[in-house]
Amino acid sequence: MVILIASITGMTVVLHDQSADVISSQFSISEPVDIQSNVAHAQTNGGTNNQNTLSSSPLSFIELFEKTESGVVSISVQKNIGIEVSSIQFNNDAVGSGFVYDKQGHIITNNHVVRDAENIVVTFTNGHSYNAEVVGTDPSTDLAVIKIDVDWDSILNPLSLGQSSKIRVGQQIAAIGNPFGLSGSMTSGIVSQIGRLLPSENSGFSIPDMIQTDAAINPGNSGGPLLNMYGQVVGINTAILSATGEFIGVGFAVPSDTASKIIPSLIESGKYDHPWIGITSRDVDPDLAEIMGLQDTKGVMIITIVTDSPADHADLRESDQTKIIDGLEHMIGGDVIVSVDGREVRKIEDILIHLQREKSVGDAIELEVIRSNNPEKIETVTVVLGQRPSQLN
């Protein structure tokens, strides 16, 4: 079993895939769904087959499984881990999940499932297996698209992407995948929270807007669908939070709205360009608010501005002073961002979610900022978003 582990506040985020050996690597870092609004996507991605026609009323868990199971696949991956001893190349065989996106044979899964793949085999619930190739990947959101070629498309029953922005905390959901290689397994639970921020593996950036669920997600579930009770995919299962590597009731999924925005680009060009401001920052807390003379403990203060970034070309100011309070050094003096495009900013997640949901490279955004030399006045700064680098140095 290969388990990629990221430490977060003493806990562990585990990106799930399953294999024969154990190698651990540390790195830092609904409200009822509007069914009609999703019909257009179902038609464009080939999801209007009889098996997966959108339901106008909530399904039972039995109905949900019977409706969607044929669109969920097991993904077996042979990976080359690059270790050679006595002319023997060691491989790492992984198992993950995925689901059919369209009638052209595109399948959505996680990037970490198919990364470094030498060979990929997709197996359907009826036992039919096909070789697959990687079409595109986005490590920043842990999404990937693979493709199989089939002579008959009746085996391809695409699942429809719902609107993750419509889900609410407490809403019932279900996960289908292949935990521990047990194909076609279903677990159920609720949406525990939305808008979570998780570190993106090895990039220095974070994945915003993640869905938190208590539906059991285990090794082998990665890349499988998180479904609402109408049979729509609202998330792609990706990670768990655990102190032991075992599921303890906190799982995470990439929201379907993110997938809807990124997947077409992966199919067309093999990659996705993320919009970027180019700052490092900290959320305003009571200590910082007192030091800066701010009236509210909300907003995001700019710590540094990346050279030659969009922020560097705009009228934004980074922190240029330090102050020690209770033995702790605080960077101060940077602009405090209090809104983006008219939306209140309480913390950095609010900016990142807005960029991911609404913006693309080349778009302009308006930031309302408070300057350190005049904390009672709000100024507006326009930033033209650039292309985010693959890694933050």
Side-chain angles (χ1 to χ4, degrees), residues 6-9 28-29 140-141 195-210 274-325 328-359 361 363-393:
S7 295
I8 300 181
T9 61
S28 298
I29 15 196
S140 294
T141 54
R196 294 301 195 194
L197 190 68
L198 258 66
S200 177
E201 185 183 355
N202 296 329
S203 72
F205 297 103
S206 297
I207 309 176
D209 211 15
M210 296 286 283
H274 289 268
W276 186 52
I277 299 176
I279 61 173
T280 63
S281 63
R282 62 170 288 185
D283 296 337
V284 174
D285 58 20
D287 287 338
L288 183 60
E290 181 179 355
I291 295 170
M292 297 279 290
L294 302 174
Q295 296 180 351
D296 295 313
T297 55
K298 62 184 179 182
V300 173
M301 189 187 72
I302 298 174
I303 301 296
T304 60
I305 293 176
V306 179
T307 302
D308 203 31
S309 67
D312 196 25
H313 297 293
D315 185 24
L316 291 174
R317 302 172 189 175
E318 64 183 5
S319 297
D320 57 2
Q321 307 170 49
T322 60
K323 190 168 184 178
I324 297 177
I325 301 291
L328 297 176
E329 185 177 81
H330 295 266
M331 292 289 295
I332 62 172
D335 288 340
V336 176
I337 303 171
V338 295
S339 80
V340 52
D341 289 337
R343 300 169 185 253
E344 182 183 58
V345 171
R346 298 161 298 165
K347 50 189 177 180
I348 189 61
E349 287 97 317
D350 296 325
I351 297 176
L352 298 179
I353 289 173
H354 179 66
L355 294 184
Q356 182 156 284
R357 287 184 180 182
E358 308 291 342
K359 296 298 179 178
V361 175
D363 289 347
I365 60 171
E366 288 192 349
L367 302 177
E368 287 190 338
V369 301
I370 297 175
R371 307 286 194 189
S372 62
N373 60 355
N374 192 353
E376 296 183 356
K377 180 181 179 182
I378 295 178
E379 298 184 21
T380 300
V381 178
T382 300
V383 180
V384 178
L385 299 171
Q387 179 180 334
R388 196 175 75 185
S390 58
Q391 289 188 325
L392 185 62
N393 296 325

My understanding is that only residues two or more places apart in sequence, or in another chain, count here; which of them pass side chain to side chain donor-acceptor pair (under 3.5 Å) with [X]?
X	answer
Glu349	none
Asn374	none
Ser339	Glu368
Lys347	none

Which atom pairs, one a donor and one an acceptor, fall under 3.5 Å between side chains of residues 330-337 and the rest of the protein, sequence neighbours left out?
| residue | atom | partner | partner atom | Å |
| --- | --- | --- | --- | --- |
| His330 | ND1 | Arg282 | NH1 | 3.1 |
| Asp335 | OD1 | Arg371 | NH1 | 3.0 |
| Asp335 | OD2 | Arg317 | N | 2.9 |
| Asp335 | OD2 | Arg371 | NH1 | 2.5 |

Output side-chain donor-acceptor pairs under 3.5 Å for residues 289-304, partner residues at least two apart or in another chain, one line each.
| residue | atom | partner | partner atom | Å |
| --- | --- | --- | --- | --- |
| Lys298 | NZ | Glu344 | OE2 | 2.4 |
| Thr304 | OG1 | Thr280 | OG1 | 2.3 |

- request: Show your reasoning for whether side-chain contact (heavy atoms from CB on, under 4.5 Å) applies to Leu385 and Val361.
  value: CA-CA 5 Å; Leu385 299 171; Val361 175; 5.8 Å; no
Distance-minimising heavy-atom pair for [X] and [Y]:
X	Y	value
Val306	Ser309	O-OG, 2.6 Å
Thr382	Ala364	CG2-CB, 4.1 Å
Gly278	Ala311	O-CB, 3.8 Å
Asp363	Glu358	OD2-O, 4.3 Å
Pro310	Trp276	CG-O, 3.2 Å
Leu367	Leu316	CD1-CD1, 4.1 Å

- request: Let me see the working for Val345 and Val338 under side-chain contact (heavy atoms from CB on, under 4.5 Å), right down to the final yes or no.
  value: CA-CA 5 Å; Val345 171; Val338 295; 5.7 Å; no
statement: Residues passing the side-chain contact (heavy atoms from CB on, under 4.5 Å) test with Pro208, sequence neighbours excluded, are Leu197, Leu352, Ile353, Gln356
field: Those residues that, when tested against Thr307, pass side-chain contact (heavy atoms from CB on, under 4.5 Å) (two or more places apart)
entry: Asp312
field: side-chain contact (heavy atoms from CB on, under 4.5 Å) between Val340 and Asp350, worked out
entry: CA-CA 9 Å; Val340 52; Asp350 296 325; 5.8 Å; no
message: A side-chain contact here means heavy atoms from C-beta on lying under 4.5 Å apart; do Ile351 and Ile277 qualify?
response: yes
task: Any chance you could measure Leu355, atom CG, to Asp209, atom CG, to the nearest 0.5 Å?
output: 11.5 Å
- prompt: What residues form a salt bridge (Lys or Arg N to Asp or Glu O under 4.0 Å) with Asp283, not counting sequence neighbours?
  reply: none
message: Pair Lys359, His354 - check side-chain contact (heavy atoms from CB on, under 4.5 Å), show working.
response: CA-CA 7 Å; Lys359 296 298 179 178; His354 179 66; 3.7 Å; yes
